[in-house]
Amino acid sequence: VSTALTVSIVTSLIQVVVVGVGGLILVGLMAKIKARAEGRVGSPIVQPLRDVRKLVTKERLHAHHSSAVLPLAPIVLTASAAVAIAISPLIGTHPLLGVTADIFVIVYLLLTGSVASALAGLDTATAFGGMGSSRAMTIGALAEPALLVAVIALSIQAGTSNLPGIVAGTLHHPAWAFGPVHLFALGAFLIVVIAETGRIPVDNPSTHLELTMVHEAMVLEYAGPELALVTVGEAMRLGLLVALVASLFLPWGVASGSGLVGLVVATLALALKMAVVAGAVALIEVRSAKLRLFRLPELLAGGFVLAVLAVVMGLVSR
Amino acid sequence: MRSLAFVLVMLGFSSKAGAVPLHVWLPKAHPEAPSPVSALMSSSMVAMGVYGIIRVGFDLLHGGTVWWWVAVATLGVVSGVYGALHATTSTDLKRLLAYSTIDIMGLSLLGVGAAGVLDDTSMHADASLALMASLLLLVAHAFFKGALFLGAGSVERASGTRDLDRLGGLIHTMPFTALVMALSAGAIMAVPTLSGFSSEWLVLQGLLHGFVDTSSVAVIVMLLGVVALALTGGLTAVAFVKAFGIGFLGQSRSRGALDAREVSTWMSGATALLVVPSVAIGVVPGVVIPWVHRATDTALGPSGASPLARGTGLALSQLRGAIEPAALLVAVVAVMVGIALVNRTLAHRRARRLDAWACGRGEQTPRMQYTATSFAEPLQRVFADVLRPQSDVEVTHAVESQYFQQSLTYHNRIGDVVELRAYRPLISFADRLGVSARRLQNGSIHRYLAFGFVALLVVVVVLA
């Protein structure tokens with residue numbers, strides 16, 4: 001029993017570190033890929049890590065009229081993402097608290113983080129904060145159905161909504177990964193990943209123009225260590241979503257045993273898969289222009305339709 | 001005959017539960033009552049509608065046929081989405097809560113409908129699961145919606161308004177009410193480890209089980225149910241981020257909100273009394289499951305073992321899914337404390353207060369903030385086909401030049417489409433019928449006697 005527990009703890013710890021730090025590196029990697037594709041040199045891949053280190057040493061600043069929500073929100077954002085990462089089967093199918101790693105728990109933990117950020121945006125009592133919160137919640141409300149229905153499609157196929165169970169099921173039946181359920185769900189998932197992490201064509205992470213900002217407007221009042229925490233939390237969410245895509249749709253490499261070698265291999269495989277998925281997202285960013293805010297519902301409805309098709313496919317091929 | 005009886009009873013009780021299209025009274029009645037009465041109405045009285053359908057459908061009529069329950073589930077799906085959509089665009093705090101009651105009643109009816117369909121396709125264990133989910137949702141809703149209405153009552157008493165567009169900044173003056181509202185809003189948004197999450201998770205599991213091996217009718221119901229649940233989830237989050245974020249955070253938008261003071265200990269105590277069980281149901285939902293199971297056994301007939309394993313969390317016996325909210329809560333709180341400690345050691349000095357960024361313009365006034373109306377405006381545009389908002393902008397130009405504006409007014413009104421499109425024409429039709437019937441009545445006693453004579457003749461002829 002104790003060895004199993006040790007393996008679980010090690011699995012969860014590696015996941016949090018790899019996905020947490022990896023998330024920041026992914027941000028740098030995506031910026032680098034974009035820069036190269038546009039013919040620029042771009043900043044180093046580790047630039048986000050340096051930014052965080054710099055921010056941590058700065059002074060804490062709070063806007064007038066803001067309440068305890070402002071410093072609390074980044075903590076909730078990061079903690080919910082960290083727990084979601086720790087209990088997901090990203091490198092092994094036996095993470096800590098794997099029993100409660102229900103796919104809906106992960107979805108709603110992510111929602112909790114979004115709600116915390118949106119409240120922080122309203123807490124600053126500025127036009128920017130409200131604008132960012134309103135837009136982010138609108139996008140979230142439209143992306144959430146696509147994500148939920150997509151994970152429901154996967155749970156119907158696997159016969160369980162337990163995330164380690166779904167990953168183990170796909171490892172057991174490799175044909176699932178190439179079946180229509182997985183393909184349609186993957187399409188929906190990618191749209192949700194782009195929407196939830198604020199990438200082009202939904203939001204531009206590098207913009208500082210008032211009228212086009214969504215996420216950046218919401219966190220405009222953050223500075224110093226709290227901005228560092230927001231950056232880390234957002235990177236963790238990006239890392240988690242990318243790693244979930246990797247584990248759900250390309251589960252090979254995820255360790256189902258308890259050997260240490262398996263975990264090392266799985267960690268390397270996860271890093272590689274995350275880099276591939278992030279590269280794909282970066283290439284989508286390079287190749288598309290940002291959509292008008294009121295064109296977004298069409299894109300997200302497209303994701304929703306793909307997810308519903310995935311469910312229907314699961315029922316037809318039952 | 002049994003079907004007719006069920007349909008009529010279902011319509012009657014669904015009007016009690018506030019299901020669309022018989023819901024129009026609810027968002028008018030619940031906000032106007034004094035808040036403790038609203039709390040009672042929204043948390044327990046509407047639940048009687050669902051109870052009535054369960055009692056008559058399962059107990060008295062023994063389940064009936066599949067299409068009865070398809071009808072119940074459809075009512076649930078429509079009410080869920082419609083209620084959630086109107087909650088996101090409401091600016092009156094209590095009206096928002098009333099619409100969200102329609103939403104939750106819809107989800108609960110969906111669970112009942114799913115249970116009926118599964119019961120009729122002889123999947124008794126799964127039917128029991130779906131009904132338990134529906135009842136757990138009702139129990140959880142009774143507590144958190146009660147707390148939300150009492151909190152809204154405190155806000156109304158302290159600030160003199162319940163219009164979100166005139167509130168704001170209450171977290172500074174009414175911290176306890178803010179905390180209570182945050183916990184209850186978190187519960188209804190299905191934040192994990194709060195009661196809304198545990199019960200909605202169970203509803204989802206009930207629907208998922210329906211997919212496994214049932215008839216095609218059942219599968220369509222489950223599919224619609226899942227889609228409705230997914231849509232309402234996102235919309236409810238917007239509605240309650242708006243309710244809490246606009247009402248309690250930011251700067252006060254009116255004198256009343258600025259001068260608000262925390263309400264008396266008795267009022268906050270009563271609200272806390274409802275929040276504690278709401279949180280408890282979320283963290284250890286397994287504790288209330290035996291009672292809920294006994295209720296479903298009464299309705300559906302003894303099903304033997306409970307589909308849920310005994311424990312503090314919720315674990316399906318067939319191991320198709322489990323949640324352990326208590327463990328999850330410990331994990332999240334531990335990580336939060338860890339981050340806060342690291343944060344403190346890194347930046348030990350107190351935060352300095354500064355003006356927020358206003359593009360170098362200077363001071364931010366309360367009028368520059370987003371309001372409840374503007375917060376929901378993007379979604380109002382997205383769902384304009386369903387909501388049919390009427391908005392107009394009136395611009396008065398300066399006398400000297402067309403390019404300068406003297407004043408600008410913006411009106412935005414969202415009526416209830418069902419009321420405007422179905423009830424109003426029906427009422428005006430009845431009205432016209434009444435007016436034309438009045439022509440029969442001209443005050444002449446001779447004419448009335450003639451009517452009586454003709455009627456008597458007709459009766460005699462018909463009976464002969």
Side-chain angles (χ1 to χ4, degrees), chain A residues 56 59-65 67 69 75-76 78-80 82-83 86 97 99-100 102 104-105 108-109 111-112 115 118-119 122-128 130-131 133-135 137-138 140-142 144-145 148-149 152 155-156 159-162 220-221 224-225 229 293-294 297 308 311 315, chain B residues 169 171-172 189-192 197 201 204-205 208 211-212 219 223 226-227 230-231 233-235 237-238 241 244-246 249-251 313 320-324 327-328 331-332 335-336 339-340 343 346-347 349 351-358 364 366 368-370 374-375 377-379 381-382:
Chain A
V56 162
E59 191 186 0
R60 291 208 297 159
L61 299 172
H62 288 175
H64 285 307
H65 306 294
S67 68
V69 171
I75 299 180
V76 173
T78 313
S80 60
V83 170
L97 290 179
V99 148
T100 187
D102 196 270
F104 302 112
V105 171
Y108 278 99
L109 276 174
L111 178 80
T112 307
V115 166
L119 287 178
L122 289 169
D123 193 38
T124 56
T126 62
F128 277 132
M131 185 175 72
S133 299
S134 164
R135 291 177 177 177
M137 285 310 290
T138 304
L142 298 173
E144 162 118 346
L148 261 185
V149 177
I152 284 166
S155 2
I156 293 170
T160 173
S161 60
N162 182 262
L220 196 65
E221 288 306 317
L229 201 53
L293 185 66
F294 291 107
V308 172
V311 174
L315 297 174
Chain B
I171 193 170
H172 301 289
M189 283 192 277
V191 167
F197 176 74
W201 180 81
L204 262 172
Q205 292 297 332
L208 276 184
F211 277 120
V212 179
V219 163
L223 185 61
V226 160
V227 168
L231 271 173
L235 292 174
V238 178
V241 162
F244 185 77
I246 303 284
L249 305 180
Q251 295 190 56
R320 283 173 186 158
I323 48 168
E324 198 59 69
L328 209 58
V332 172
V335 176
M336 280 176 65
I339 295 173
N343 210 356
L346 284 176
R349 272 184 301 160
R352 194 151 56 90
R353 289 271 177 179
L354 287 174
D355 272 337
W357 172 243
Q364 297 263 2
M368 289 160 72
Q369 299 173 91
Y370 256 50
S374 47
F375 190 83
E377 204 269 348
L379 270 176
R381 272 210 219 187
V382 172

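Each chain gets a letter, A, B and so on, in the order the sequences are listed, and its residues count up from 1.
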Engineer: Look at B:Ala351, B:Gly313, B:Ser374 and state which one has the largest set of heavy-atom pairs under 4.5 Å with chain A.
Structural biologist: B:Ala351

Engineer: Side-chain contact test, heavy atoms from C-beta onward, threshold under 4.5 Å: evaluate it for A:Ser133 versus B:Val241 and give yes or no.
Structural biologist: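 A:Ser133 vs B:Val241: side chains apart.
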
Engineer: Measuring only between side-chain heavy atoms, which start at C-beta, is B:Val191 closer than 4.5 Å to A:Leu111?
Structural biologist: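 Answer no - side chains too far apart.
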
Engineer: Can you tell me how far the CZ atom of A:Arg60 sits from the CG atom of B:Asn343, to the nearest 0.5 Å?
Structural biologist: 6.0 Å

Engineer: I want to check something: taking the side chain as every heavy atom from C-beta on, are B:Arg381 and A:Leu293 in contact at a cut-off of under 4.5 Å?
Structural biologist: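 No, every pair of side-chain atoms sits at 4.5 Å or beyond.
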
Engineer: Using atom types as modelled and distance alone, determine if a side-chain donor or acceptor of A:Glu144 lies under 3.5 Å from a backbone N or O of B:Ala230.
Structural biologist: no

Engineer: In terms of heavy-atom proximity below 4.5 Å to chain A, should B:Ile246 be classed as side chain, backbone, both, or neither?
Structural biologist: both

Engineer: Tell me which of these, A:Val69, A:Thr124, A:Thr138, has more heavy-atom pairs under 4.5 Å with chain B than the rest.
Structural biologist: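 Looking at each option in turn, the highest pair count goes to A:Thr138.
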
Engineer: Using non-hydrogen atoms and a 4.5 Å limit, figure out which bit of A:Leu220 sits close to chain B: side chain, backbone, both or neither.
Structural biologist: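 Only the side chain of A:Leu220 comes within 4.5 Å of chain B.
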
Engineer: Hey, is the main chain of A:Ser67 close enough, under 3.5 Å, to the side chain of B:His172 for a donor-acceptor pair?
Structural biologist: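 Pair absent, no side-chain N/O of B:His172 close to backbone of A:Ser67.
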
Engineer: Is chain B contacted by the side chain of A:Val105, its backbone, both, or neither, given a heavy-atom distance below 4.5 Å?
Structural biologist: both

Engineer: Using a cut-off of under 4.5 Å on heavy-atom pairs, state which of A:Glu221, A:Met137, A:His64 scores highest against chain B.
Structural biologist: A:His64

Engineer: Looking only at heavy atoms, what is the nearest atom pair of B:Ala356 and A:Thr126, with distance?
Structural biologist: CB-CG2, 3.2 Å

Engineer: Can you tell me which portion of B:Glu324 sits under 4.5 Å from chain A's heavy atoms? Options are side chain, backbone, both or neither.
Structural biologist: both

Engineer: Spell out, as yes or no, whether a donor-acceptor pair under 3.5 Å connects the side chain of B:Arg353 to the backbone of A:Ala63.
Structural biologist: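 Side chain of B:Arg353 to backbone of A:Ala63, a donor-acceptor pair under 3.5 Å: yes, one is there.
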
Engineer: What I'd like to find out is whether the side chain of A:Leu119 reaches to under 4.5 Å of the side chain of B:Phe244, using heavy atoms alone.
Structural biologist: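 Heavy-atom side-chain distance check passes, below 4.5 Å.
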
Engineer: Find the distance between CG (B:Leu208) and CZ (A:Phe104) and round it off to the nearest 0.5 Å.
Structural biologist: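 Going from CG on B:Leu208 over to CZ on A:Phe104, the span is 5.0 Å.
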
Engineer: Go through the atoms of B:Ile171 and report whether side chain, backbone, both or neither lie under 4.5 Å from a heavy atom of chain A.
Structural biologist: side chain

Engineer: Below 4.5 Å from any heavy atom of chain A, which atoms of B:Leu354 appear? Answer side chain, backbone, both or neither.
Structural biologist: both

Engineer: Using non-hydrogen atoms only, which part of A:Val99 is less than 4.5 Å away from chain B: side chain, backbone, both, or neither?
Structural biologist: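 Answer is both: backbone and side chain atoms of A:Val99 are under 4.5 Å from chain B.
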
Engineer: Among the options A:Asp123, A:Leu142, A:Leu148, pick out the one with the most heavy-atom pairs lying under 4.5 Å from chain B.
Structural biologist: A:Asp123

Engineer: Within a strict 4.5 Å, meaning less than it, do heavy atoms of the B:Met336 and A:Val76 side chains meet?
Structural biologist: yes

Engineer: Which region of A:Phe294, side chain (C-beta onward) or backbone (N, CA, C, O), has a non-hydrogen atom less than 4.5 Å from a non-hydrogen atom of chain B, or is it both or neither?
Structural biologist: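 Contact with chain B involves the side chain of A:Phe294 alone.
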
Engineer: Does one side chain, of A:Ser134 or B:Glu377, offer a donor that lies under 3.5 Å from an acceptor on the other?
Structural biologist: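 Looking only at side-chain atoms, B:Glu377 and A:Ser134 do not form any donor-acceptor pair under 3.5 Å.
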
Engineer: What part of A:Leu97 gets closer than 4.5 Å to chain B, counting heavy atoms only: side chain, backbone, both or neither?
Structural biologist: side chain

Engineer: To check you understand the geometry: which heavy-atom pair defines the closest contact between B:Val382 and A:Pro297, and what is its length?
Structural biologist: CG2-CG, 3.5 Å

Engineer: Measure the spacing between CD1 of A:Ile156 and CG of B:Leu223 and express it to the nearest 0.5 Å.
Structural biologist: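 Separation between the atoms: 7.5 Å.
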
Engineer: So for A:Leu109, is it side chain, backbone, both, or neither that comes closer than 4.5 Å to the heavy atoms of chain B?
Structural biologist: both

Engineer: Is any side-chain heavy atom of A:Leu229 closer than 4.5 Å to one of B:Ile339?
Structural biologist: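 SC-SC contact between B:Ile339 and A:Leu229 confirmed.
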
Engineer: Sort B:Phe197 into side chain, backbone, both or neither according to what part of it lies under 4.5 angstrom from a heavy atom of chain A.
Structural biologist: side chain

Engineer: Between B:Val227 and A:Pro145, is there a side-chain heavy-atom distance shorter than 4.5 Å?
Structural biologist: no

Engineer: What part of A:Ala82 gets within 4.5 angstrom of chain B, counting heavy atoms only: side chain, backbone, both, or neither?
Structural biologist: side chain

Engineer: Under 4.5 Å, counting heavy-atom pairs only, tell me which of A:Ser161, A:Ala118, A:Ala86, A:Ala125 racks up the most with chain B.
Structural biologist: A:Ala125

